[in-house]
Amino acid sequence: MNPFQFVRSLARLLRGRPQVPESLKDNLPLQTILQRRSVRGFSRRPIPLEVFDAILEAGRLAPSTVNLQSWSFGVFDASSWQETFRRPIPFKAHRAVIVMGDLHRVKNLVTDFPNSPLVDYTTAVMNASLAAMNMNLAAEALGVSSVMLSETGRTGLLDTAYLRDTLALPENVFPITTIVFGYAAGSYPPMPPKLPIDTISFSGKYREADPAVMADWLLQMKAGYKASHLNSSFEAQLKIYQSKIGKAEQDLRQMVLGE
Ligand SMILES: Cc1cc2nc3c(=O)[nH]c(=O)nc-3n(C[C@H](O)[C@H](O)[C@H](O)COP(=O)(O)O)c2cc1C
């Protein structure tokens with residue numbers, strides 16, 4: 001990326017805003033959803049217990065297929081996290097919830113459940129993700145920020161075998177994501193580049209994305225990354241991520257498919 005592309009892409013990125021009709025701009029629940037950002041820097045201010053309990057309650061009440069509630073939440077404060085993982089909660093957050101898909105409970109109750117590992121896993125991922133998002137949004141509504149993690153600090157989808165062993169997870173319990181919570185240390189980061197609605201939606205048959213739109217998005221991602229990580233790059237970050245995927249794939253095949 002040349003310097004001209006960098007400046008132009010960064011300027012475009014910083015202009016990104018949620019697109020909402022004027023008449024809906026004051027709707028508070030909508031504002032909460034649209035202004036949420038993944039936050040990776042937290043102050044030392046603790047989250048009051050009743051606030052954190054309300055966040056968990058939002059997870060408990062999330063929708064799920066056949067109301068199976070196929071999830072478990074591993075709930076941590078700074079000291080129980082340190083004791084369990086021998087390191088601080090990522091980004092020095094105040095609280096963490098490891099969200100797991102969990103069909104173990106239901107399968108113990110309903111014994112003639114068909115053996116359908118891919119459907120089971122998909123169901124678990126889908127339902128647990130909804131519970132995670134409910135907690136994420138409830139936190140935001142209560143002024144608490146968060147970020148979901150799949151790899152930072154060995155705590156998510158990319159560390160399933162490690163988490164299974166560390167947390168003594170039984171069969172049919174799959175770590176999906178870790179959410180870390182706290183009060184944001186400063187102002188929110190700018191909105192990362194989001195694809196336009198006509199790139200991600202179609203009516204009738206599937207519509208291929210415009211390559212120019214996708215190329216523009218990639219340039220904005222690279223520029224945004226470069227601006228916030230002086231000693232790294234989007235490509236370097238992708239490489240780190242890719243290097244972990246092989247092991248994660250193996251772990252999941254073993255846990256989900258028994259291979
Ligand atoms: C399932 C999931 C896993 C994620 N894993 C990580 C992670 O390991 N590390 C990280 O810094 N951010 C992680 N994120 C946050 C994304 O990078 C973030 O959602 C994305 O860049 C969009 O930014 P926004 O949340 O502010 O809209 C994850 C998000 C999701 C939904």
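Note that ligands are numbered from 1 as they come in the structure, with each ligand's atoms numbered from 1 the same way. The first residue in the sequence is number 1, and the count goes up from there. All values below were derived from every heavy atom in this structure, side-chain atoms included, with hydrogens, water molecules and symmetry-related copies excluded. Quantities reported herein were computed from a predicted structural model and do not represent experimental measurements.
Residue contacts with ligand 1 for Arg40 involve side-chain atoms from C-beta outward but no N, CA, C or O (heavy atoms, distance under 4.0 Å). Heavy atoms of Ser150 found under 4.0 angstrom from ligand 1 belong to the backbone as well as the side chain.
Considering both main-chain and side-chain atoms, Met148 comes within under 3.5 Å of ligand 1 through a nitrogen or oxygen pair.
At least one heavy atom of Lys194 sits less than 4.0 Å from an atom of ligand 1.
Identified under the ring-ring contact (aromatic ring centres under 6.0 Å, His included) test for residues 233-258, with sequence neighbours left out: none.
Between Arg37 and Glu140 no salt bridge is recorded (no basic side-chain N to carboxylate O distance below 4.0 Å). A salt bridge does not link Arg164 with Asp251: every distance from a Lys NZ or Arg NE/NH1/NH2 to an Asp or Glu carboxylate oxygen is 4.0 Å or more.
Ser80 and Asp77 form a side-chain donor-acceptor contact under 3.5 Å, judged by distance and modelled atom types alone.
Taking only non-hydrogen atoms, the option from Gly224, Ser38, Pro90, Ala132 nearest to atom 18 (C) of ligand 1 is Ser38.
The atoms of ligand 1 that sit less than 4.0 Å from any heavy atom of Arg37 are 24 (P), 26 (O), 27 (O).
Annotation: side-chain contact (heavy atoms from CB on, under 4.5 Å) contacts of Pro46 (sequence neighbours excluded): His94.
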